[in-house]
Amino acid sequence: MNQNEKNAFVIESHSIDYVDPSERHGKVRDLFTLWFCTNIAPLAVITGAMSMLTFNLNLVSALIAICAGHFFGAAILALTSAQGPQVGIPQMIQSRAQFGRYGALLVVLFTTLIYLGFFISNIILSGKTLHTVVPAIPVPMATVIGAIAATTIGIVGYHLIHKFNKIGTWFMGGALLIGLMIMLPHINADVLAKGAFNMKGWFAMFGLCAVWQISFSPYTSDYSRYLPKSIGIFKPFIFTYWGASLGTIFAMIFGTVAVSIGSTTDAMEAVKSGTGLFGYALMILFLCNIIGHNAMNLYGAVLSCITSIQTFAGQWIPSKNIRVALSIAVLVLATFTALWASSNFISFFLNVVFALLFILVPWVSINLLDFYVVNKKSYDIHSIFAQDGGIYGKFNAKALTAYFIGIAIQIPFLTNAFFTGPFANVIPDVDVSWVIGLVVSFVVYYLFNLGKIKGGLERNLQNEKK
């Protein structure tokens, strides 16, 4: 076992602070296993089944929509992931370079709530799954066990999360491949005749898959910031891209095939009945996957909490002990919430998340444009941690204006469980607001920074002539 592998079981010393070049290590291909494994999850299987159960697509058009949506959304996810080795800090504190020290708080607070909600939801899900696998363990006790397991991995931190997913890729990928091989012989003419292509359902599934990938963007560089800066942009982009897209596509296709050959409308029941005795092994592996994925939710939630607190604490950089203590506090509060929550908490929370994603979409546009075009893949780390915001200031009016315009323009087109805008039915029952928000916030921020962008291009041309 090499030194880095030993370190996988030592509590990470960093929290939100900069990772010095002397501490950079790791292999860029680890990004593939991280994003591949974490996306082979029960929720992805269930979401894939929606292509037929909810959107009434046939098997072929469902598979095309799933692939197209993830290949599109994963490009955005991978572009944020590739920032990590260049800046060496977590994604949320990096947002200060785009929005200013205090201007970044809104997105940070929103992201923290999302992490915490997912953590609680997965605690509930892990408890129910463990109880299903071992009925002798009562659901409340199973819930606590799942929460403690996820928190332990999250506390150890970055290296153990990577190692867990590296090992899990082989088990989860292999298990789904075996399960798929068991189910494929059951696909016949009757199965292929189920459902039909329809533009409304196809675009809805495409959008759901694209948003799935985009929703991971606020914490991608958290898991790439230890890689050496010398690896550049392309390698972390490509390994993240294929890991995130292929892992989720695999899981969603698995769910789609399971419900297409079965007679039940419950995706997980369809998986169990479609794979026979092997379904029991799948449930055990899904439980491990939920715990591993939830460790990432806890880790991200704690880093975002620390970022929020540090905003008002000058140049104070929290130690690993603060991260550990905060992780334990989140464990206790989240577990009590999970035990108290009603049976429909998960579905309610997911509706809330998808309803509020319009707040996240403009951030993605501004983040990518600012990093790759406006600031040429380089940020001043000292200013990001400076009490007065350094060269980025406390508020970036241009970024915040583009951000709020991106939010406002989406509202008339929104359609979700809580609100339907006056122009929501451009495509009936399909939420196209995120596409509009993505484009408008990008264009507005580009126009705001046109002078700086042109100046940078002119300087590059002059340097090339020299």
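Residue S224 holds its OG atom at 7.5 Å from CD of Q91, rounded to the nearest 0.5 Å. One distance of note links CD1 of I359 with CG of L113; it measures 9.5 Å at 0.5 Å rounding. Separating the CD1 atom in I306 from the CD1 atom in I322 is a distance of 7.5 Å, to the nearest 0.5 Å. Put simply, CG on L43 and CZ on F118 are 7.0 Å apart, with the number rounded to the nearest 0.5 Å.
Defined by atom type and a distance below 3.5 Å, a donor-acceptor pair is missing between the side-chain atoms of Y241 and Q213. For the residue pair T240 and S81, a side-chain donor N or O sits within less than 3.5 Å of a side-chain acceptor on the partner. Judged purely by distance below 3.5 Å, without hydrogens or angles, the side chains of N396 and Y102 never pair a donor atom with an acceptor atom. Remark: the N367 side chain and the Q83 side chain contain an N/O donor-acceptor pair separated by less than 3.5 Å. Using modelled atom types, one finds no donor on one side chain facing an acceptor on the other under 3.5 Å when comparing N165 with W35. No side-chain donor from either of R101 and S383 sits under 3.5 Å from a side-chain acceptor of the other. Using modelled atom types, one finds no donor on one side chain facing an acceptor on the other under 3.5 Å when comparing W212 with T47. A side-chain N or O of T80 and one of T220 form a donor-acceptor pair less than 3.5 Å apart.
Within a 6.0 Å sphere centred on CH2 of W316, other residues, nucleotides and ligands contribute more than 12 heavy atoms. Atom CD of Q387 has 12 or fewer heavy atoms from other residues, nucleotides or ligands within 6.0 Å. Other residues, nucleotides and ligands place more than 12 heavy atoms under 6.0 Å from the CZ atom of F419. No more than 12 heavy atoms of other residues, nucleotides or ligands lie within 6.0 Å of CZ in F171, so this atom counts as exposed by the packing criterion.
Among residues at least two apart or in separate chains, salt bridge (Lys or Arg N to Asp or Glu O under 4.0 Å) pairs with a member in residues 209-237 are E12-R225.
Side-chain atoms of L360 and P218, non-hydrogen and from C-beta on, do get closer than 4.5 Å to each other. A heavy-atom distance below 4.5 Å is found between the side chains of N294 and I123. Using a 4.5 Å cut-off on side-chain heavy atoms (C-beta onward), L298 and S327 make contact. Looking at N289 and C37, their side chains come closer than 4.5 Å, going by heavy atoms from C-beta outward. Considering only heavy atoms from C-beta on, L227 stays 4.5 Å or farther from H25 through its side chain. Residues Y219 and N297 form a side-chain contact, since some pair of their non-hydrogen atoms from C-beta on lies under 4.5 Å apart. At least one side-chain heavy atom of F385 sits less than 4.5 Å from a side-chain heavy atom of I89. Y223 places a side-chain heavy atom less than 4.5 Å from the side chain of M296.
For W340 and F336, the distance between ring centers is not under 6.0 angstrom. Ring to ring, Y115 and Y299 are not that close: their centroids are 6.0 angstrom or more apart. Proximity of the aromatic rings of H162 and Y226 is defined here by a centroid distance below 6.0 angstrom, and this criterion is not met. Under the 6.0 Å cut-off for aromatic ring centres, F395 and F99 do not qualify, their centroids lying 6.0 Å or more apart.
Counting only distance, with no hydrogens or angles, the side chain of Y445 and the backbone of T401 share no donor-acceptor pair below 3.5 Å. Within the 3.5 Å criterion, the main-chain N or O of I249 finds no donor-acceptor partner in the side chain of H70. A donor-acceptor pair under 3.5 Å is formed between the side chain of S15 and the backbone N or O of P318. Checking side-chain atoms of T248 against main-chain N and O of A244 turns up a donor-acceptor pair under 3.5 Å.
Here the closest heavy-atom approach between residue N39 and residue A251 is recorded as O-CB, 3.7 Å. Nearest heavy atoms, L105 versus S308: CD2-CA, 4.0 Å. Pairing each heavy atom of V361 with each of L438, the nearest pair is CG1-N, 3.4 Å. Considering every non-hydrogen atom in both D380 and Y392, the closest pair reads N-OH, 2.8 Å. The nearest pair of heavy atoms linking L414 to S433 is CD2-OG, 3.1 Å. Taking every heavy atom of both residues into account, S221 and G84 meet most closely at CB-CA, 3.5 Å.
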message: Determine whether D388 and K394 satisfy the following criterion, salt bridge (charged side-chain N to carboxylate O under 4.0 Å, His left out), listing intermediate values before the conclusion.
response: CA-CA 6 Å; D388 62 354; K394 295 180 178 179; over 6 Å; no
message: The test is side chain to side chain contact (heavy atoms under 4.5 Å, CB included); show your working for W434 and I214 and say whether it passes.
response: CA-CA 10 Å; W434 65 273; I214 294 170; 4.1 Å; yes
message: Walk me through whether K163 and D30 qualify under side chain to side chain contact (heavy atoms under 4.5 Å, CB included).
response: CA-CA 8 Å; K163 190 173 185 67; D30 291 348; over 6 Å; no
field: Full working for side chain to side chain contact (heavy atoms under 4.5 Å, CB included) between F72 and F206
entry: CA-CA 9 Å; F72 173 80; F206 169 87; 4.1 Å; yes
task: Check step by step if side chain to side chain contact (heavy atoms under 4.5 Å, CB included) holds for M252 and M205.
output: CA-CA 11 Å; M252 288 198 179; M205 195 64 203; 4.2 Å; yes
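Of the listed residues (N449, L450, V444, V443), just one forms a side chain to side chain contact (heavy atoms under 4.5 Å, CB included) with Y446, and that residue is L450. For the side chain to side chain contact (heavy atoms under 4.5 Å, CB included) with W242, the qualifying choice from F36, F71, F237 is F71, the only one to do so.
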